[in-house]
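Working notes, structure below.
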Amino acid sequence: MLNIVLFGPPGAGKGTQSEKLIQKYGLAHLSTGDIFRANIKGGTELGTLAKSYIDKGQLVPDEVTIGMLESELKKHDGAKGFIFDGFPRTSAQAEALDALLAKMNTEITMMLALEVEEEELRKRLLLRGKDSGRADDQNPEIIQNRINVYNNETTPVKHFYTKQNKYKGIQGIGEIDFIFEALCKAIDN
Ligand code: ADP
């Protein structure tokens with residue numbers, strides 16, 4: 001199986017590149033942000049809970065997110081591989097993911113990390129807020145909170161995969177197709 005963690009701060013382009021990667025490599029796409037938003041739209045209990053965190057720019061608690069990811073993984077029995085987009089976002093999530101994949105007799109192949117500096121992220125997120133209507137993209141304070149949470153809680157996940165020799169940084173600024181090519185090169189090597 002080809003199992004990729006697509007990593008990067010909010011607004012780095014994970015969703016955009018995931019769409020292209022799943023098409024090219026025939027992978028299943030697991031975006032925890034998308035799953036939460038679908039639950040919010042559907043008015044589920046999980047959605048209501050997730051919304052209370054997302055609206056403040058905080059992380060949804062690990063036990064909730066990990067439980068949700070586990071049941072989503074089961075829905076894709078027989079997949080050629082996965083793109084994990086927006087997960088893992090904490091060290092506890094990374095450890096849980098390793099354990100879940102081990103139970104399936106597989107593992108993470110590599111982490112591809114899109115690198116984009118903060119100023120550019122703030123610009124992109126505000127722009128996306130105008131187009132998408134995502135509430136968490138419309139308020140500069142919430143955006144800053146998400147960037148801070150990324151720096152404090154999510155950056156350690158990089159070290160988790162570096163220790164396993166699975167980390168690859170990719171420049172996330174430039175043409176979408178150019179970044180996509182760099183990602184494909186890293187995968188194909
Ligand atoms: P972005 O990458 O632009 O921040 P996402 O769509 O990945 O957007 O996530 C939106 C929000 O959903 C996050 O700010 C967070 O509140 C919540 N979320 C998504 N994935 C996770 C996760 N793995 N753990 C905890 N919370 C998450």
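Scope of the values below: all heavy atoms of this structure, side chains included, with no hydrogens, waters or symmetry mates. Atoms within each ligand, like the ligands themselves, are counted from 1 in listed order.
At a cut-off of 3.5 Å, with distance as the only test, no side-chain donor of N39 or E45 sits close to an acceptor on the other residue.
When the ring pair (Phe, Tyr, Trp, His ring centres under 6.0 Å) test is applied to F36, no partner is found at least two apart in sequence or on another chain. Residues passing the ring pair (Phe, Tyr, Trp, His ring centres under 6.0 Å) test with Y150 are F7, sequence neighbours excluded.
At distances below 3.5 Å, not a single donor-acceptor pair connects side-chain atoms of T109 with backbone N or O atoms of L2.
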Atom pairs and distances, ligand 1 N/O vs protein N/O under 3.5 Å:
{"unit_1": "ligand 1", "atom_1": "2 (O)", "unit_2": "K14", "atom_2": "NZ", "d": "3.2"}
{"unit_1": "ligand 1", "atom_1": "2 (O)", "unit_2": "R89", "atom_2": "NH2", "d": "3.3"}
{"unit_1": "ligand 1", "atom_1": "3 (O)", "unit_2": "R128", "atom_2": "NH2", "d": "2.7"}
{"unit_1": "ligand 1", "atom_1": "3 (O)", "unit_2": "R146", "atom_2": "NH2", "d": "3.0"}
{"unit_1": "ligand 1", "atom_1": "4 (O)", "unit_2": "R89", "atom_2": "NH2", "d": "3.1"}
{"unit_1": "ligand 1", "atom_1": "4 (O)", "unit_2": "R146", "atom_2": "NH2", "d": "3.1"}
{"unit_1": "ligand 1", "atom_1": "6 (O)", "unit_2": "R37", "atom_2": "NH1", "d": "2.8"}
{"unit_1": "ligand 1", "atom_1": "6 (O)", "unit_2": "R37", "atom_2": "NH2", "d": "2.8"}
{"unit_1": "ligand 1", "atom_1": "7 (O)", "unit_2": "R89", "atom_2": "NH1", "d": "3.2"}
{"unit_1": "ligand 1", "atom_1": "7 (O)", "unit_2": "R89", "atom_2": "NH2", "d": "3.4"}
{"unit_1": "ligand 1", "atom_1": "8 (O)", "unit_2": "R134", "atom_2": "NH2", "d": "3.1"}
{"unit_1": "ligand 1", "atom_1": "16 (O)", "unit_2": "Q58", "atom_2": "O", "d": "2.6"}
{"unit_1": "ligand 1", "atom_1": "20 (N)", "unit_2": "T32", "atom_2": "OG1", "d": "2.7"}
{"unit_1": "ligand 1", "atom_1": "20 (N)", "unit_2": "G86", "atom_2": "O", "d": "3.4"}
{"unit_1": "ligand 1", "atom_1": "20 (N)", "unit_2": "R89", "atom_2": "NH1", "d": "3.1"}
{"unit_1": "ligand 1", "atom_1": "23 (N)", "unit_2": "G86", "atom_2": "O", "d": "2.9"}
{"unit_1": "ligand 1", "atom_1": "23 (N)", "unit_2": "Q93", "atom_2": "OE1", "d": "3.0"}
{"unit_1": "ligand 1", "atom_1": "24 (N)", "unit_2": "Q93", "atom_2": "NE2", "d": "2.9"}
{"unit_1": "ligand 1", "atom_1": "26 (N)", "unit_2": "V60", "atom_2": "N", "d": "3.0"}

Cut-off 3.5 Å, no hydrogens considered: what does the side-chain donor-acceptor table look like for residues 168-185, sequence neighbours left out?
{"unit_1": "Q171", "atom_1": "OE1", "unit_2": "I173", "atom_2": "N", "d": "3.4"}
{"unit_1": "D177", "atom_1": "OD1", "unit_2": "K20", "atom_2": "NZ", "d": "3.0"}

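Here R128 pairs with D137 in a salt bridge; the nearest charged N to carboxylate O distance falls below 4.0 Å.
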